[in-house]
Amino acid sequence: MNMYILLMGPPGAGKGTQAAKLVKEYGIPHISTGDMFRAAVKEGTELGKKAKACMDAGQLVPDEITIGIVRERLQKPDCANGFILDGFPRTVEQADALDGILKELSIHLTRAVDISVPSSALIERAVGRRVCKKCGAAYHIRFNPSKVDGVCDECGGETYQRADDSEETMKNRLSVYDAQTKPLISHYQKAGLYSEIDGSQEMSKVFADITSCLGK
Ligand code: ADP
Ligand code: ADP
Ligand code: ZN
């Protein structure tokens, strides 16, 4: 059975962490709009220039840009047998656009999995996050440290702290989430696709809950 999974949840909830586990479990691609924007910023492309200012401020990149890159990505052949969409959609407009794109591709979403974590815990998660420059693996200085400080367990790459993972910018990102992304819950509830997972549990338990709500 092909799996077409949406991972929703506020910044720092554990979407990227769980997506990496789902990739290993199901062998389907992980599509993260945040990772795509960070790659564009690093390459210094036009897209990267446009995205950088929004990301640094903790605001969303405009819908028309974001929808365009996702539309292109979902048409690639590796998405035909499933995907994990992480961090998209984040606005009602993006969710409506995604419905249209999937319809054109004759894809039916399997589930919209919302990783729910109280906002009081999210700032600590983001501020302590360290990410591998090379493969994108996420660590946490306290909750999930790499074996050697500053070095990725998976690939030996160097880990760094994202510029937007400051306490200050996180406050903006959380209020953007409340205002613009939370309304998507009812979008997916109405579609009968919504599952809320308790993301405050330890990572392996969160993963077990996700796979069980996917029916596997
Ligand atoms: P997190 O998972 O911690 O929320 P992401 O890596 O998903 O962070 O996103 C980082 C930033 O990239 C966001 O704050 C936003 O500026 C931009 N971004 C990512 N996904 C989207 C999206 N779907 N729509 C608009 N902006 C996005
Ligand atoms: P998102 O992609 O939703 O922004 P990440 O997967 O990058 O979130 O996780 C944010 C931070 O929280 C990372 O440092 C990660 O190691 C840590 N983290 C993820 N899941 C958990 C968990 N269940 N318990 C504690 N820390 C976690
Ligand atoms: Zn790595």
Side-chain angles (χ1 to χ4, degrees), residues 6-22 30-41 47-48 50-70 73 84-95 97-98 113-117 121-146 148 150-165 169-170 172-177 180-181 184 197-210:
L6 289 193
L7 281 187
M8 304 166 54
K15 301 179 295 296
T17 299
Q18 297 301 327
K21 293 178 188 287
L22 291 165
H30 172 205
I31 301 170
S32 155
T33 41
D35 286 349
M36 289 159 91
F37 289 137
R38 277 184 292 277
V41 170
L47 169 68
K50 285 181 196 150
K52 188 174 187 308
C54 307
M55 295 170 83
D56 285 348
Q59 300 294 329
L60 296 182
V61 177
D63 281 335
E64 59 276 19
I65 296 176
T66 308
I67 292 165
I69 66 163
V70 172
R73 181 65 186 89
I84 303 147
L85 205 42
D86 159 7
F88 180 93
R90 267 173 144 108
T91 65
V92 171
E93 196 178 338
Q94 290 178 15
L98 179 63
V113 178
D114 187 12
I115 305 177
S116 172
V117 175
L122 291 170
I123 295 202
E124 187 183 8
R125 282 200 186 183
V127 171
R129 168 161 53 190
R130 298 293 181 270
V131 181
C132 175
K133 278 185 183 166
K134 213 160 129 191
C135 76
Y139 298 91
H140 191 281
I141 51 170
R142 196 169 139 211
F143 305 131
N144 182 33
S146 54
V148 178
V151 180
C152 176
D153 293 349
E154 299 282 329
C155 78
E158 192 189 332
T159 64
Y160 79 110
Q161 183 172 21
R162 274 168 47 181
D164 60 345
D165 275 344
T169 308
M170 258 307 268
N172 288 342
R173 290 160 64 199
L174 292 172
S175 62
V176 165
Y177 172 80
Q180 304 200 56
T181 308
L184 297 189
I197 300 289
D198 177 2
S200 64
Q201 311 173 91
E202 66 162 87
M203 294 174 203
S204 58
K205 183 65 172 65
V206 176
F207 184 65
D209 285 3
I210 293 175

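All ligand and atom numbering here is 1-based and tracks the order in the structure. Computed from a prediction, not measured in an experiment: that's the story for all the values here.
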| Under 3.5 Å, is there a donor-acceptor pair between the side chain of R173 and the main chain of D164? | yes
| Heteroatom proximity flag, Q59 to ligand 1, N/O under 3.5 Å | yes
| message | Tell me whether S146 contacts the main-chain N or O of V151 through its side chain, where contact means a donor paired with an acceptor under 3.5 Å. | response | yes
| request: List every atom of ligand 1 that sits less than 4.0 Å from any heavy atom of L60, numbering the atoms from 1 in the order shown and giving each element. | output: 25 (C), 26 (N)
| message | With a 3.5 Å distance limit and no angle check, can you tell me whether Q18 reaches the backbone of M203 through a side-chain donor-acceptor pair? | response | yes
| Is F88 close to ligand 1, meaning an N/O of one under 3.5 Å from an N/O of the other? | no
| said: If we set the cut-off at 4.0 Å for heavy atoms, which region of V61 has an atom near ligand 1: side chain, backbone, both, or neither? | reply: both
| request: Among all protein heavy atoms, pick out the one at the shortest distance from atom 27 (C) of ligand 2; state its residue, atom name and that distance to 0.1 Å. | output: M203 CE, 3.4 Å
| message | Whether the side chain of K15 engages the backbone of G9 through a donor-acceptor N/O pair (distance < 3.5 Å, no angle test) should be reported. | response | yes
| field | Nearest neighbour in protein (non-hydrogen) for atom 13 (C) of ligand 2 | value | Y139 O, 3.7 Å
| Quick one: CE on M8 to OH on Y177, what's the gap to the nearest 0.5 Å? | 6.0 Å
| request: Identify, for atom 15 (C) of ligand 2, the protein heavy atom at the shortest distance, and state residue, atom and that distance. | output: T17 OG1, 3.8 Å
| message | Using a 4.0 Å cutoff against the non-hydrogen atoms of T66, which atoms of ligand 1 qualify? | response | 22 (C), 23 (N), 24 (N), 25 (C)
| field | Atom indices of ligand 2, in the order listed, that fall short of 4.0 Å to a heavy atom of H140 | value | 14 (O), 16 (O)
| Quick one: does H140's side chain have a donor or acceptor within less than 3.5 Å of a partner on E124's backbone? | yes
| note | Residue, atom and distance of the protein heavy atom nearest atom 3 (O) of ligand 1 read R173 NH2, 2.6 Å
| request: For Q94, counting its heavy atoms only, list the atoms of ligand 1 lying under 4.0 Å from any of them. | output: 22 (C), 23 (N), 24 (N), 25 (C)
| Is it the side chain (CB and beyond), the backbone, both or neither of Q18 that lies under 4.0 Å from ligand 2, heavy atoms counted? | neither
| field | Heavy-atom nearest neighbour in the protein, as seen from atom 12 (O) of ligand 1, with distance rounded to 0.1 Å | value | M55 CE, 3.5 Å
| If only atom types and distance count, is the side chain of R125 paired as donor or acceptor with the main-chain N or O of A13 below 3.5 Å? | yes
| field | C135 atom SG and C155 atom SG as seen from the Zn ion (ligand 3), angle to 10 degrees | value | 110°
| request: Pick one of side chain, backbone, both or neither for how Q180 approaches ligand 1, counting any non-hydrogen atom pair under 4.0 Å. | output: neither
| field | K21 atom NZ, neighbour heavy-atom count above 12 within 6.0 Å | value | yes
| Should A13 be counted as touching ligand 2, given the test is an N or O pair under 3.5 Å? | yes
| said: With respect to S32, determine whether any N or O atom, backbone or side chain, lies less than 3.5 Å from an N or O atom of ligand 1. | reply: no
| note | Candidates G14, G87, A53, A95; heavy atom nearest atom 23 (N) of ligand 1 found on G87
| note | Rounding to 0.5 Å, atoms OG1 (T17) and OH (Y139) come to a distance of 10.0 Å
| request: Run the contact test for G58 against ligand 1 with a 4.0 Å cut-off on heavy atoms, strictly below, and give the result. | output: no
| In the protein, which heavy atom is nearest to atom 20 (N) of ligand 1, and how far is it? | T33 OG1, 2.8 Å
| note | Vertex the Zn ion (ligand 3), ends C132/SG and C152/SG: angle to nearest 10° comes to 110°
| request: Taking the side chain as every heavy atom from C-beta outward, state whether M55 and V61 have any atom pair closer than 4.5 Å. | output: yes
| task | Look at atom 10 (C) of ligand 2 and say which protein heavy atom is nearest, naming residue and atom and giving the distance to 0.1 Å. | result | G12 O, 3.5 Å
| query | Does the N or O separation between D86 and ligand 1 drop below 3.5 Å for any pair? | reply | no
| task | For ligand 1, indicate whether the residue R162 contacts it via side chain, backbone, both or neither (heavy-atom separation under 4.0 Å). | result | side chain
| query | Atom CG of D86 and atom CG of D35: how far apart are they, to the nearest 0.5 Å? | reply | 7.0 Å
| CD1 of I67 to CD of E93: how many Å apart, nearest 0.5 Å? | 5.0 Å
| task | Would you mind listing which atoms of ligand 1 come within a distance below 4.0 Å of any non-hydrogen atom of R38? | result | 6 (O), 10 (C)
| message | Taking V176's backbone N and O only, do any of them form a donor-acceptor pair with Q180's side chain (distance below 3.5 Å, no angle check)? | response | no
| Would one find an N or O of Q201, backbone or side chain, under 3.5 Å from an N or O of ligand 2? | yes
| field | Q161 side chain to V127 backbone, donor-acceptor under 3.5 Å | value | yes
| query | Who's the nearest protein heavy-atom neighbour of atom 19 (C) of ligand 1, and how far? | reply | R90 NH1, 3.4 Å
| Under 4.0 Å to a heavy atom of F143 - the qualifying atoms of ligand 2, by number | 25 (C), 26 (N)
| Side-chain donor-acceptor contact under 3.5 Å, S204 with E202 | yes
| said: As a test of understanding, state which of V70, L6, T66 forms a side chain to side chain contact (heavy atoms under 4.5 Å, CB included) with P89. | reply: L6
| query | Among all protein non-hydrogen atoms, which one is nearest to atom 7 (O) of ligand 2, and what is the separation to 0.1 Å? | reply | R129 NH1, 2.6 Å
| query | Of K15, R125, R142, which has the heavy atom at the shortest distance from atom 11 (C) of ligand 2? | reply | R125
| Nearest protein heavy-atom contact for atom 2 (O) of ligand 2: which residue, which atom, what distance? | G16 N, 2.9 Å
